[in-house]
2 protein chains.
Amino acid sequence: MTEQGATTFQHEVLAAVFTIGRDLHGFASLKVLLWQRAQWPDAGRWALPGGAVRLDETVDDSMSRQLAEKVDLAGVSHLEQLGVFSAPDRVPAGPGRPARVIATGFLGLVPSGVTPSLPEDTDWETVDRLSPIALDHGRIIDRAHDRLRAKVSYTNLAFGLAPAEFTLAELAGIYRAVLGHDIDPSNLQRVLGRRGMIETVGRTAPPGASGGRPAALYRFTTADLTVTDPFAAFRPPS
Amino acid sequence: MTEQGATTFQHEVLAAVFTIGRDLHGFASLKVLLWQRAQWPDAGRWALPGGAVRLDETVDDSMSRQLAEKVDLAGVSHLEQLGVFSAPDRVPAGPGRPARVIATGFLGLVPSGVTPSLPEDTDWETVDRLSPIALDHGRIIDRAHDRLRAKVSYTNLAFGLAPAEFTLAELAGIYRAVLGHDIDPSNLQRVLGRRGMIETVGRTAPPGASGGRPAALYRFTTADLTVTDPFAAFRPPS
DNA sequence: GTAGTTATCGACCTGTAGTCGAAAACTACC
DNA sequence: GGTAGTTTTCGACTACAGGTCGATAACTAC
């Protein structure tokens, strides 16, 4: 247990921030916030927002601070750590660059409809069809997408992607965009309703152009993103 | 996006390694690997094994390397990242110590029965009754325990705590030690059996001193810890 | 052989979720 | 106003996973 000399690392934070946008056909589609690198390495490629951690802040505080430079922070409804990415060669050494940078990856969510103004180099890109991603940021996006898929099905994390009020069809579209397969709105209502996650507002959405019965508006019951996981197996005896 | 001067941090890894031991009454009990600090700060308190990350290794490699100094690494059946602990004051600055140390916390598992020889200052301590823990290591233990409890109920992670062959009563004891409440061995068999997680060996354990039918021996089917999560809701349509 | 002990299996019940079709509530057109 | 078309909503039905409990099996000790 001899005290080492000061082997130190630069530490950066990187967030894969998702939101729900529209694809060419108007269907809900999962998007991720990216900016286009201007400098070496990987100039021209899409990269995740983030940056170096300062001396007086936690990695979580740092992530919030750096995201605020890209999007309105009030629009970010959820932010959680994903893991540490620390391959020695994940960022190539170069002039004015430290030899090693350790990164803490985050998963972020922005509700559908909250499309804040973005800087010039920044945009929402469709997750399904991403051009090559800078450095190891593609790995972080994949891990974030995996985490999102998993949690959406057993927590109320979809709250982070849904607008304040929504119809069941809209919510089913969000689930479809995240999970990659169709969701029956009828089943969604019963499942989330019984879990106590959603409740009706009492009003209906304006009817669509193609007619049809106007849809009731719903909201999520919990304002905060307290994760309520209803694992079935091995509960305490009653 | 101006390139900062080199703000760097020491980075350490810390593992909460659990195993199954026996309590005073012979019941299965969850233990965590700790060593007693000799120096400031928090001299005399129990602390998690770990240490500084070197320049040429990932945090995961570093964790494995540092654990090998405490226990036989072959005995560690599972090791996964928990999260980053980065409060600016989590490690007090002092003579010969950097002002800030960022830590990556890990959850580790050692199977019951594999009790390798330990260094003088190191021992397995009962998780339920821990004396005050050094620095923020108590937080890491709590987070690791939470993660373990959650994953044990919807994955095959108990494999990491169980011996190669076991009876259902033994396995139920492991689950009870982890979850903190009784588990019906009968139900455990049906649930894990249907999930394809366990299978019978074909032999029986030697009967106990107090008589009774000899118990069949089981093993986990998957040698590796591939996590198979059978979340029920929102599956793809068939 | 009989009592005591432990393990195993099956029956039964409950709760959750997928599927599907009927009814409700609207628009558009004649 | 009536009819066809569209979309939502609700309920019935089914399948399946898991908790509970009692009966039976397989042993030891006397």
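Lettering follows sequence order; numbering is per chain, from 1. Below, all heavy atoms of this structure are taken into account, side chains as well, without hydrogens, waters or symmetry copies.
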Nearest-Å distance for atom pair [atom1]/[atom2], residues [X] and [N]:
| X | N | atom1 | atom2 | value |
| --- | --- | --- | --- | --- |
| Ile198(B) | dT8(C) | CD1 | P | 10 Å |
| Tyr175(A) | dA17(C) | OH | C1' | 14 Å |
| Phe166(B) | dA7(C) | CZ | P | 15 Å |
| Arg213(B) | dG4(C) | CZ | C1' | 16 Å |
| Arg195(A) | dT16(C) | CZ | P | 10 Å |
| Tyr154(B) | dG18(D) | OH | P | 15 Å |
| Leu188(B) | dC9(C) | CG | P | 13 Å |
| Leu217(B) | dA7(C) | CG | P | 12 Å |

### Task
For Ser186(B), answer base if it contacts any base atom (sugar-phosphate contacts may also be present), sugar-phosphate if it contacts only those atoms, and nothing otherwise; contact means non-hydrogen atoms under 4.0 Å.
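Ser186(B): base contact, heavy atoms under 4.0 Å.
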
### Task
Ignoring backbone atoms, establish whether Gln189(B) has a side-chain N or O less than 4.0 Å from OP1 or OP2 of dT8(C).
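Result: no.
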
### Message
Taking only side-chain N and O atoms of Arg194(A), does any of them lie within less than 4.0 angstrom of OP1 or OP2 on dG15(C)?
### Response
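No.
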
### Message
With nearest nucleotide decided by heavy atoms, which residue, Gly212(A) or Leu192(A), maps closer to the 5′ end of DNA chain C?
### Response
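It is Leu192(A), whose closest nucleotide lies nearer the 5' terminus.
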
### Query
Distance only, no hydrogens: is a donor on one side chain within 3.5 Å (strictly under) of an acceptor on the other, for Asp128(B) and Ser29(B)?
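No, Ser29(B) and Asp128(B) have no side-chain donor paired with an acceptor closer than 3.5 Å.
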
#### Entry: Heavy-atom donor-acceptor pair, Ser86(A) side chain to Ile102(A) backbone, under 3.5 Å
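Side chain of Ser86(A) to backbone of Ile102(A): no pair is present.
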
### Message
Minimum heavy-atom separation for Ala134(A) and Ala47(A), please, with both atom names.
### Response
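Heavy atoms of Ala134(A) and Ala47(A) come nearest at CB-CB, 4.1 Å.
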
### Task
Start with the C-alpha gap between Asp61(B) and Thr58(B), add the side-chain angles, then the distance that decides, and say whether side chain to side chain donor-acceptor pair (under 3.5 Å) holds.
CA-CA 5 Å; Asp61(B) 291 342; Thr58(B) 66; 3.2 Å; yes

### Query
Nearest to the side chain of Ala169(A) - dC27(D), dT8(D), dT20(D)?
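Minimum distance to the Ala169(A) side chain belongs to dT8(D).
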
#### Entry: Residue Leu168(B), side-chain atoms from C-beta onward, closest of dT8(C), dT9(D), dC27(D)
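Shortest atom-to-atom distance from the side chain points to dT8(C).
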
### Query
Does a distance-only test, which skips hydrogens and angles, find a donor-acceptor pair under 3.5 Å between the side chain of Arg190(A) and the base of dA17(C)?
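Such a pair exists between side chain and base.
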
### Task
Please determine which of Glu165(A), Gln189(A), Glu199(A) meets the side-chain hydrogen bond (donor to acceptor under 3.5 Å, both in side chains) test together with Tyr218(A).
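Among Glu165(A), Gln189(A), Glu199(A), the one meeting side-chain hydrogen bond (donor to acceptor under 3.5 Å, both in side chains) with Tyr218(A) is Gln189(A).
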
